[in-house]
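Notes follow the structure.
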Amino acid sequence: MNRSFYNRPVLEVARDLIGCVVTHDGAAGVIVETEAYHDSEPACHAFVGITPRTQTLFGAPGVAYVYRSYGIHALLNAVVEPPGVGAAVLIRALEPLRGIEQMQVRRGVSRVEALCSGPGKLTQALGIGLALNGTNLLHGPVVITGRRARWRDVRVAVDRRIGITKAVELPWRFCATGSRFLSRPALAAAEAGSA
DNA sequence: CATGGGATTGACT
DNA sequence: GTCAATCCCATGC
């Protein structure tokens, strides 16, 4: 995984991140669900232009954009596309891989399927907080590494994004087909080619 | 400076 | 199915 991976159209990166691994503070999981956001559409925070909040989104690709949602949860994104373009991939669900005991302690639940099955859940499970906004995803503290062998040929389903009120029709959600670790089941019909 | 609205979750009916 | 929690920040006066 290198910086050029992120310096591409957001839809490609969102699809290709399925099967990659997120690691932080002794815990890791395989990405099974993502969503794409781009400053050309109103559901994206960057739609309003460069502000203190969206500065990270318009910066270098391969950087973490972490923000607080509903006053409670921290949500993890990977900034993509060249500097000057406000785009990011929201990491929405992981299949737990390592540090499961630590995830169970942080989350206060034991069922493995419930540890990282949502964008707010996975940041809690991995101990990712707002302080990590702007940090580098190639060097850490939060690190994303490439697809493992077993995920090389994962099939990716496409669906509408969840929890938004604008641009709801765009099919910009990507899920590992048939995964038990999604925040919600994906539409079975549509599939995206996996590069 | 005041206000309103979330890229959610968990508890409850 | 409904709903509150809780805080950052964009917007408008």
Side-chain angles (χ1 to χ4, degrees), chain A residues 6 9-15 17-18 20 22 29 31-59 61 63-81 85-96 103-135 137 142 144 156-176 179-187:
Chain A
Y6 297 99
V10 64
L11 294 178
E12 291 183 17
V13 182
R15 181 198 64 202
L17 277 174
I18 301 295
C20 295
V22 181
I31 299 172
V32 293
E33 179 179 346
T34 64
E35 283 177 0
Y37 289 87
H38 190 273
D39 63 26
S40 61
E41 48 89 15
C44 183
H45 290 170
F47 185 70
V48 297
I50 299 180
T51 67
R53 185 197 198 189
T54 64
Q55 190 178 3
T56 308
L57 284 170
F58 286 92
V63 162
Y65 170 56
V66 184
Y67 73 96
R68 189 170 297 292
S69 173
Y70 292 93
I72 300 173
H73 309 284
L75 269 54
L76 172 67
N77 301 250
V79 175
V80 301
E81 305 213 10
V85 180
V89 176
L90 171 67
I91 312 298
R92 284 195 56 90
L94 307 175
E95 175 174 330
M103 291 184 186
Q104 289 166 330
V105 170
R106 289 193 182 118
R107 290 270 299 122
V109 299
S110 56
R111 234 178 109 249
V112 177
E113 288 85 354
L115 291 177
C116 300
S117 55
K121 295 178 184 178
L122 72 91
T123 55
Q124 185 183 23
L126 295 194
I128 294 171
L130 298 186
L132 295 170
N133 185 45
T135 59
L137 292 170
V142 182
I144 299 183
V156 179
V158 181
D159 201 353
R160 293 176 171 198
R161 295 176 294 182
I162 294 176
I164 55 173
T165 57
K166 296 166 232 173
V168 294
E169 71 286 354
L170 295 177
W172 283 13
R173 175 177 177 237
F174 299 85
C175 299
S179 171
R180 299 156 25 229
F181 301 92
L182 304 175
S183 65
R184 304 173 55 95
L187 214 56

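These numbers come from the heavy atoms of this one structure, side chains and all, not from hydrogens, waters or symmetry mates. Naming: A, B, ... by sequence-line order, numbering from 1 per chain. Only a predicted model underlies this, so the values are computations on that prediction, with no experimental measurement involved.
No more than 12 heavy atoms of other residues, nucleotides or ligands shown are found within 6.0 angstrom of CD on A:Gln55.
To the nearest 0.5 Å, atoms CG (A:Leu115) and CG (A:Leu122) are separated by 10.5 Å.
Scanning DNA chain C 5' to 3' for nucleotides with an atom closer than 4.0 angstrom to a non-hydrogen atom of chain A gives a first and last hit of C:dA5 to C:dT11.
Pairing analysis of DNA chain B (Watson-Crick: purine N1 to pyrimidine N3 plus N6-O4 or O6-N4; G-U wobble: N1-O2 and O6-N3; both under 3.5 Å) yields stems of 3 or more pairs at B:1-6 with C:7-12, B:8-12 with C:1-5.
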Give the B/S/- string for nucleotides 8-13 of chain B, one per nucleotide from 5' to 3', where a protein heavy atom under 4.0 Å of the base yields B, of only the sugar-phosphate yields S, and otherwise -. BSS---
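Of all the residues in residues 33-51 of chain A, A:Tyr37, A:Ala43, A:His45 reach under 4.0 Å from DNA chain B with at least one non-hydrogen atom.
The side-chain hydrogen bond (donor to acceptor under 3.5 Å, both in side chains) test applied to A:Ser69 returns no partner, not counting sequence neighbours. Every residue two or more places apart in sequence or in another chain that forms a side-chain hydrogen bond (donor to acceptor under 3.5 Å, both in side chains) with A:Glu12 is listed here: A:Arg8. Checked against salt bridge (charged side-chain N to carboxylate O under 4.0 Å, His left out), A:Glu81 has no partners two or more places apart in sequence or in another chain. Remark: A:Arg106 pairs with A:Asp25 by the salt bridge (charged side-chain N to carboxylate O under 4.0 Å, His left out) rule, at least two apart or across chains. Applying the side-chain hydrogen bond (donor to acceptor under 3.5 Å, both in side chains) criterion to A:Ser110, with sequence neighbours excluded, gives no partner residue.
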Output a table of donor-acceptor pairs, distance under 3.5 Å, between side-chain atoms of residues 164-175 of chain A and any protein atom two or more places apart or on a different chain; print 'none' if there are none.
from	atom 1	to	atom 2	distance (Å)
A:Arg173	NE	A:Glu33	OE2	2.9
A:Arg173	NH1	A:Asp159	OD2	3.4
A:Arg173	NH2	A:Glu33	OE2	3.1
A:Arg173	NH2	A:Arg184	O	2.7

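For residues 35-58 of chain A, the set of pairs meeting the salt bridge (Lys or Arg N to Asp or Glu O under 4.0 Å) definition, not counting sequence neighbours, comprises A:Glu35-A:Arg92, A:Glu41-A:Arg161. The side-chain hydrogen bond (donor to acceptor under 3.5 Å, both in side chains) analysis of residues 114-130 of chain A, with sequence neighbours excluded, yields the pairs A:Arg107-A:Gln124, A:Ser117-A:Lys121.
Between A:Leu137 and the options A:Leu132, A:Val63, A:Val142, a side-chain contact (heavy atoms from CB on, under 4.5 Å) holds for only A:Val142.
For the pair A:Ile91 and A:Ile31, the tightest heavy-atom approach, listed with the atom from each and the gap, is CD1-CD1, 3.9 Å.
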